[in-house]
Amino acid sequence: MRVLLTGGAGYIGSHTLVELLALGHQVCVVDNYANSAPEALTRVRQISNRDFRVEEGDIRDRDRLTAIFTDFRPEAVIHFAGLKAVGEGEEKPVAYYDTNVTGTLVLLEAMRASGCGKIIFSSSATVYGNPLYLPYDEAHPCSPTNVYGRTKYMAEQVLADWVRANPGTGAVLLRYFNPVGAHVSGRIGEDPQGIPNNLLPFIAQVAVGRRAKLAIFGDDYDTRDGTGLRDYIHVADLARAHALALDYAADHTGTEVFNIGTGTGTTVKEMLAAFERACGHALAYEVVARRPGDIAACYAQPEKAERLLGWSATRDLDDMCASAWKWQSENPQGYRSEE
Ligand code: NAD
Ligand code: UD1
């Protein structure tokens, strides 16, 4: 299939690209490198030994996007491009709505102009907001508690309305839980700029000596050891979910939402212990105050993805930590040392 990936140079996009190339898809990446580096794509070429098209550009650039679409004529789009830092979204709401919502609107126009009717969208478990019950299933009400989550939920609704108005089109909305880990080669991985917001990249930087210790945000939650519990999903499993979603979209019209998680939760302390096993040494930490806005626990009911996509997670916590450690230890400064 001819597939266009917005944000394909990013963390999840680059891993999905490897998966799609291995399956023989023809791919075009559109990325403005706002939060990524061309080096990631160079490495994808090395890993996969296949070439693909790359267009440096902003998804909000209507003329450019339409020109790329009318030339490449994708049969489907996987829409990863977006801004994703929760704290930054509170400070720069307009930038977040512009990239995540306006960017999606411009993309849909380019799709229409080129006759492309199938889209897979990177959504997030954050659209659910505070849990009314756990695990979250896809019927759980959506009430996002931050700007980032609202932009994602708005984009979901835009896509569903577009599909309703355009018979024959289809959207697959994937609500990711907590993507972590790296490609087994250690050549590509998550490369956050500045201080990592998320747990696993922070732990990895402690392990490699870039940071002194992990701050555990609260140990008085109602969980088995008092620390926050999340549903971590290996990025390679997540990449495979996109390939299966493409197959599903090819055969179906309408909008379908899927949770992409393992269905089990891991606490901060359990994750720290798993990473210590992977890197082979103890990691320093201190318990500090809760992070504002955090919830005690968040995990998926992933049964629908198994039933309709034939997808379930196959990699465990040790795979996640071993691959994250390989990436971090072999690329202590991420992609930057190569540029
Ligand atoms: P990422 O920042 O690594 O990748 C996003 C990519 O989009 C980057 O390469 C960036 O340069 C590009 N981009 C940003 N704005 C753009 C624009 N205007 N035009 C063109 N390209 C642009 O993030 P990721 O972790 O790979 O996430 C991918 C998607 O998945 C995002 O939409 C994110 O909201 C969603 N998501 C991520 C997580 C997570 O924890 N990583 C969880 C749930 C959902
Ligand atoms: C965060 C985002 C969420 C996004 C998700 C994707 C916030 C408030 N939420 O959620 O929107 O969809 O990432 O991966 O940012 N922790 C520490 N110390 C740290 C970092 C994290 O103790 O330095 C704890 C947190 O309190 C939490 C757990 O680790 O209990 C996981 O945190 P994180 O990786 O930031 O993910 P989420 O909180 O699930």
Side-chain angles (χ1 to χ4, degrees), residues 1-8 12-13 16-17 19-20 23-31 53 55 57-82 97-124 127 138-139 142 150-176 238-260 304-305 307-311:
M1 214 187 289
R2 274 191 315 283
V3 189
L4 187 140
L5 266 53
T6 72
I12 300 167
T16 303
L17 182 55
E19 181 78 17
L20 299 183
L23 291 168
H25 293 291
Q26 278 173 267
V27 182
C28 175
V29 169
V30 179
D31 203 303
R53 192 164 150 175
E55 299 286 348
D58 193 306
I59 55 162
R60 294 163 298 177
D61 182 340
R62 209 171 293 261
D63 294 343
R64 174 120 174 79
L65 206 61
T66 304
I68 294 168
F69 268 76
T70 43
D71 188 37
F72 182 66
R73 297 217 156 262
E75 293 155 273
V77 170
I78 309 184
H79 182 25
F80 297 103
Y97 281 102
D98 190 33
T99 297
N100 295 358
V101 182
T102 309
T104 302
L105 295 171
V106 175
L107 178 64
L108 288 175
E109 282 191 36
M111 287 174 64
R112 187 193 49 77
S114 70
C116 176
K118 300 294 171 80
I119 183 165
I120 319 295
F121 177 61
S122 296
S123 190
S124 167
V127 299
E138 291 84 354
C142 291
R150 284 190 284 276
T151 67
K152 284 282 155 184
Y153 189 47
M154 220 172 263
E156 283 195 3
Q157 292 169 300
V158 165
L159 291 168
D161 285 341
W162 179 79
V163 165
R164 247 193 311 277
N166 292 281
T169 62
V172 178
L173 313 179
L174 300 180
R175 291 180 179 156
Y176 312 155
L238 183 55
R240 200 165 37 83
H242 291 82
L244 292 167
L246 270 182
D247 294 342
Y248 182 88
D251 296 340
H252 296 81
T253 57
T255 299
E256 209 64 67
V257 182
F258 295 100
N259 283 341
I260 302 295
K304 185 178 173 188
R307 187 162 39 86
L308 297 185
L309 298 179
W311 175 88

Look at the rings of F80 and H242 and say which category their plane angle falls in: under 30° parallel, 30 to 60° tilted, over 60° perpendicular. tilted
The test is side-chain contact (heavy atoms from CB on, under 4.5 Å); show your working for L105 and V158 and say whether it passes. CA-CA 8 Å; L105 295 171; V158 165; 3.6 Å; yes
Taking all heavy atoms of [X] and all of [Y], pick out the closest pair and write down the distance.
X    : Y    : answer
A241 : I260 : CB-CD1, 3.9 Å
A249 : K118 : O-NZ, 2.6 Å
A155 : N100 : CB-O, 3.9 Å
L107 : L65  : CA-CD2, 3.7 Å
G57  : V30  : O-CG1, 3.9 Å
L244 : G310 : CD1-O, 3.9 Å

Can you check whether [X] reaches [Y] side chain to side chain, under 4.5 Å on heavy atoms?
X    : Y    : result
L173 : F258 : no
D71  : F69  : no
V27  : L5   : yes
V29  : L4   : no
V77  : C116 : yes
L20  : L246 : yes
E109 : R62  : yes
C28  : E55  : yes

Could you please spell out the steps behind the side-chain contact (heavy atoms from CB on, under 4.5 Å) verdict for Q26 and M1? CA-CA 6 Å; Q26 278 173 267; M1 214 187 289; over 6 Å; no
With rounding to the nearest 0.5 Å, note down the distance linking [atom1] in [X] to [atom2] in [Y].
X    : Y    : atom1 : atom2 : result
I78  : I12  : CD1   : CD1   : 11.5 Å
D98  : D58  : CG    : CG    : 8.0 Å
Q157 : T104 : CD    : OG1   : 12.0 Å
I68  : R73  : CD1   : CZ    : 14.0 Å
T255 : R164 : OG1   : CZ    : 7.0 Å
L174 : E256 : CG    : CD    : 11.0 Å

Name all residues meeting the side chain to side chain donor-acceptor pair (under 3.5 Å) criterion together with E156; count only those two or more places apart in sequence or in a different chain, and write none if there are none. S123, R175
Sequence-distant partners of R150, side chain to side chain donor-acceptor pair (under 3.5 Å), two or more places apart: none
Spell out, as yes or no, whether a donor-acceptor pair under 3.5 Å connects the side chain of [X] to the backbone of [Y].
X    : Y    : value
D61  : R64  : yes
T102 : T99  : no
E138 : N259 : yes

Between I119 and V172, is the side-chain contact (heavy atoms from CB on, under 4.5 Å) condition met? List the steps. CA-CA 6 Å; I119 183 165; V172 178; over 6 Å; no
Does CZ belonging to R60 count more than 12 external heavy atoms closer than 6.0 Å? yes
Distance-only polar pair, side chains of S122 and H79, donor-acceptor under 3.5 Å: no
